[in-house]
Novice: 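Sharing a structure here in structure tokens format.
First the proteins, then the strands, lettered A, B, ... as listed; each starts at 1. Please read these numbers as outputs of a predicted model, since none were measured by experiment.
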Amino acid sequence: MSDRNDPEIEGGTPAPGWPQESAGRLAKLEGLKALGVAPYPNRYERTHGLAEIVESCSGKNAEELEALSPSVRVAGRILTRRDHGKTTFLTLSDGETRLQIYIRQDEVGDRGYGILGFVDLGDFLGVAGRVMRTRKGELSVQAREVAFLSKALLPLPEKWHGLSDVEIRYRQRHVDLIANPQVRATFVRRSAIIAEIRRYFDARSYIEVETPMMQPIPGGAAARPFRTHHNALDLDLYLRIAPELYLKRLVVGGLEKVYEINRNFRNEGVSSQHNPEFTMLEFYTAYADCEDVMRLTENLVAAAASRVAAERTLRYRGRDVSFAVPFARLTMKEAILKAAGERGLRMDEGALDDPNGLDDWVSRELTAASSDSHGQPVDPTAYHGLSHGERLARLFEDLAEGFLWNPTFITDYPVEVSPLAKARPDDARFTERFELYAGAMEVANGFSELNDAIEQRRRFLDQRRAHAEAEGAGRQIDEDYVRALGHGLPPTGGCGLGIDRLVMLLTDAPSIRDVILFPLLRPETGREQEPSS
RNA sequence: AGGCCGUUAGCUCAGUGGUAGAGCUCCUGGCUUUUAACCAGGGAGUCGGGGGUUCGAUCCCCCCACGGCCUACCA
């Protein structure tokens with residue numbers, strides 16, 4: 001009970017490491033108790049949200065409000081305070097909206113006004129009173145009764161500059177949300193975008209499903225997984241890197257239109273575009289192909305964009321991005337040729353079709369002096385030992401990716417980098433696959449799903465061979481998935497879309513950490529630990 | 001994992017090889033329509049941590065921690 005007498009707590013502050021100011025706030029909390037005021041009451045009945053008052057009264061002048069004298073009970077956190085002896089002005093926030101409170105001693109009484117002596121910025125207050133306008137015209141609630149609702153023992157960031165230290169912003173996101181209204185706006189938008197995506201699929205009779213996050217064999221992508229263990233079953237498990245193989249099992253089972261919005265986990269680097277856990281949309285449609293899926297994706301992204309902005313064109317990192325449909329389309333080869341031309345590199349289409357020719361071209365034209373489409377130097381050695389298809393994909397990423405600012409579908413991916421996609425009927429070297437790029441980021445990846453069990457098994461074997469050297473231990477083949485295909489998967493189109501990156505684009509966020517409430521950071525306690533080995 | 005930059009009061013930031021600074025916040029007093037309220041007074045620091053050089057280190061050097069940007073990894 002009485003932690004306050006804990007001998008470990010020094011300097012009269014409520015907890016170790018808390019600022020001196022906390023001791024004063026704690027003393028005020030005790031002062032409230034001495035007055036018979038509960039510092040943490042259980043309930044307060046509000047009649048209006050602050051936004052409702054602002055909306056209904058912002059058009060009314062002082063006289064109109066005086067005549068109406070709307071009676072309200074509101075509540076919120078105190079953000080600013082201006083004391084004038086026997087009157088006090090507070091700015092109250094309910095997270096979304098701010099509204100001024102005007103308190104006069106002669107209205108709330110000595111006891112009510114006395115409570116204010118124990119009230120700090122950050123505390124929660126309930127106020128009953130009437131809506132009015134001050135002499136300076138500010139919409140306010142003039143208090144008749146003040147109820148103390150909750151004590152803040154820690155100070156908030158100051159009112160001018162707010163909070164900008166990114167480390168505190170990510171570690172203590174609650175403070176960020178209080179101090180920076182645009183942060184709240186970003187996450188409200190994120191919610192609206194995801195709601196729009198659900199609405200889009202629900203309206204088209206897709207059913208939303210949830211598939212395993214813990215998988216015995218992590219499949220559907222090529223990333224390194226996180227490992228975990230189930231004790232009772234003594235079973236090694238992996239956090240999923242993609243839901244793909246489970247969703248297609250469902251299509252085999254007759255769920256012809258399915259989607260899932262959920263977390264994926266990839267045990268790889270952290271960057272402004274990568275968080276170890278991120279949110280992915282995947283959707284699958286029986287009897288659809290790559291082309292159908294592209295149209296679905298295009299309309300989905302446009303619908304999400306229209307949900308956050310009236311205009312077709314949004315600003316992203318200082319540049320216009322047009323979400324007008326149809327989106328541009330380029331085959332991977334076209335994109336490479338175009339980007340090479342823009343960089344002043346000489347390349348003819350023939351080289352892209354001829355493995356030896358491309359090998360020659362890379363060693364002749366591509367040097368460490370060449371910069372990629374992000375302005376970074378190219379590493380020519382990264383092209384050594386790659387198959388022709390892998391080399392094409394690498395060239396595309398190096399040369400073209402950074403130029404793809406407006407939403408652009410890249411199509412015709414080489415079969416070597418597309419183990420789950422169906423080959424083109426007219427050219428088996430390429431697949432019916434697309435990726436959507438926007439803001440120089442990959443945001444979606446879709447294809448006609450490979451549904452030939454025998455061919456799928458062979459592709460898995462090829463992959464395992466190709467990656468055996470690179471990864472040491474050979475990757476396990478998901479024979480259970482092959483068996484599911486053995487029961488028959490109808491022609492199916494599917495797509496995965498990175499929700500976080502889409503939200504980045506639609507909220508003009510330069511870092512994925514700006515659209516994930518709690519991005520992964522090293523623990524703060526690491527600071528005090530001794531370095532080990 | 002590598003390179004570069006950063007870490008000073010609760011917040012936002014200056015600063016110097018010689019006892020540590022500002023604004024806001026905070027505390028005390030005053031003020032019954034203010035709003036970056038105002039007026040008067042006051043307090044606040046492990047200068048990220050450890051080691052070294054030096055008579056003396058917040059400053060120079062080394063190591064470490066955390067963060068940012070870039071690279072690597074990422075079908």
Side-chain angles (χ1 to χ4, degrees), chain A residues 13 17-25 27-28 62 79-91 98 100-107 113 120-122 132-138 140 142 153-171 175 179 220-224 241-242 266-274 276 278 372 374-377 379 382 386-387 389-390 393-394 396-397 413-421 431 433 435 442 445 447 459 463 466-467 470-471 496 510-511 513 519 521-532:
Chain A
T13 59
W18 287 22
Q20 272 304 315
E21 189 182 332
S22 291
R25 286 174 176 248
K28 289 182 189 168
L79 293 187
T80 64
R81 173 173 179 160
R82 295 168 291 282
D83 278 67
H84 292 258
K86 296 189 175 58
T87 62
T88 298
F89 295 91
L90 303 174
T91 306
R98 296 175 180 191
Q100 178 168 272
I101 306 297
Y102 173 44
I103 305 171
R104 297 171 59 103
Q105 187 173 36
D106 57 12
E107 280 224 46
Y113 204 78
D120 291 302
L121 299 188
M132 49 84 73
R133 235 175 239 290
T134 62
R135 199 173 288 160
K136 294 285 175 67
E138 171 121 5
S140 308
Q142 183 164 350
L153 295 174
L154 288 165
L156 293 174
E158 53 121 328
K159 58 190 175 185
W160 289 9
H161 308 88
L163 180 68
S164 59
D165 183 317
V166 291
E167 195 169 344
I168 301 176
R169 288 187 47 222
Y170 297 149
R171 283 192 202 284
V175 181
R224 271 198 310 224
I241 55 177
R266 298 188 181 175
N267 202 341
E268 280 154 6
V270 174
S271 79
S272 58
Q273 287 175 31
H274 300 83
F278 62 100
D372 72 12
H374 297 281
Q376 301 298 322
D379 176 13
L386 296 185
S387 68
E390 289 169 326
R394 172 117 205 159
F396 164 74
E397 281 169 28
Y413 276 67
V415 67
E416 297 98 313
V417 297
S418 312
L420 299 165
T431 55
R433 175 182 170 195
E435 284 192 356
E442 178 194 334
N445 174 23
F447 35 86
R459 297 258 198 107
Q463 285 282 305
H467 290 274
E471 295 178 14
S511 168
R513 290 184 218 72
L521 297 179
R522 284 192 164 90
E524 216 171 352
T525 50
R527 284 156 196 259
E528 268 109 56
Q529 283 166 4
E530 281 299 304
S532 57

Novice: Can you tell me if A:Lys159 touches the phosphate of B:U25, counting only side-chain N or O atoms and a distance under 4.0 Å to OP1 or OP2?
Specialist: yes
Novice: Identify which nucleotide among B:C66, B:U12, B:C73 has an atom closest to any side-chain atom of A:Arg224, counting heavy atoms from C-beta outward.
Specialist: B:C73
Novice: Provide, to the nearest angstrom, the distance between the CD atom belonging to A:Glu158 and the C1' atom belonging to B:C26.
Specialist: 13 Å
Novice: Taking only residues two or more places apart in sequence, or in another chain, which ones meet A:Asp165 in a salt bridge (charged side-chain N to carboxylate O under 4.0 Å, His left out)?
Specialist: none
Novice: Where the side chain of A:Arg522 is defined as all heavy atoms beyond and including C-beta, which of B:C27, B:G23, B:C66 is the nearest nucleotide?
Specialist: B:C66
Novice: Mind checking what makes salt bridge (charged side-chain N to carboxylate O under 4.0 Å, His left out) contact with A:Glu416, not counting sequence neighbours?
Specialist: none
Novice: Which protein N or O atoms sit under 3.5 Å from an N or O of nucleotides 28-31 of chain B?
Specialist:
unit_1	atom_1	unit_2	atom_2	d
B:C31	N3	A:Gly85	N	3.2
B:C31	N4	A:Gly85	N	3.3

Novice: Does B:U35 pair with anything, Watson-Crick or G-U wobble, both distances under 3.5 Å, and if so, with which nucleotide?
Specialist: none
Novice: Only counting residues at least two apart or in another chain, list the ones meeting side-chain hydrogen bond (donor to acceptor under 3.5 Å, both in side chains) with A:Arg82.
Specialist: A:Thr80, A:Gln100
Novice: Which atom pairs link the protein and nucleotides 70-72 of chain B when you take only N or O atoms and keep those under 3.5 Å?
Specialist:
unit_1	atom_1	unit_2	atom_2	d
B:C70	O3'	A:Gln376	NE2	3.4

Novice: For a 4.5 angstrom cut-off between non-hydrogen side-chain atoms, does A:Phe447 reach A:Tyr413?
Specialist: no
Novice: Check this for me: does any side-chain nitrogen of one of A:Glu390 and A:Arg394 sit under 4.0 Å from a carboxylate oxygen of the other?
Specialist: no
Novice: What residues form a salt bridge (charged side-chain N to carboxylate O under 4.0 Å, His left out) with A:Arg266, not counting sequence neighbours?
Specialist: none
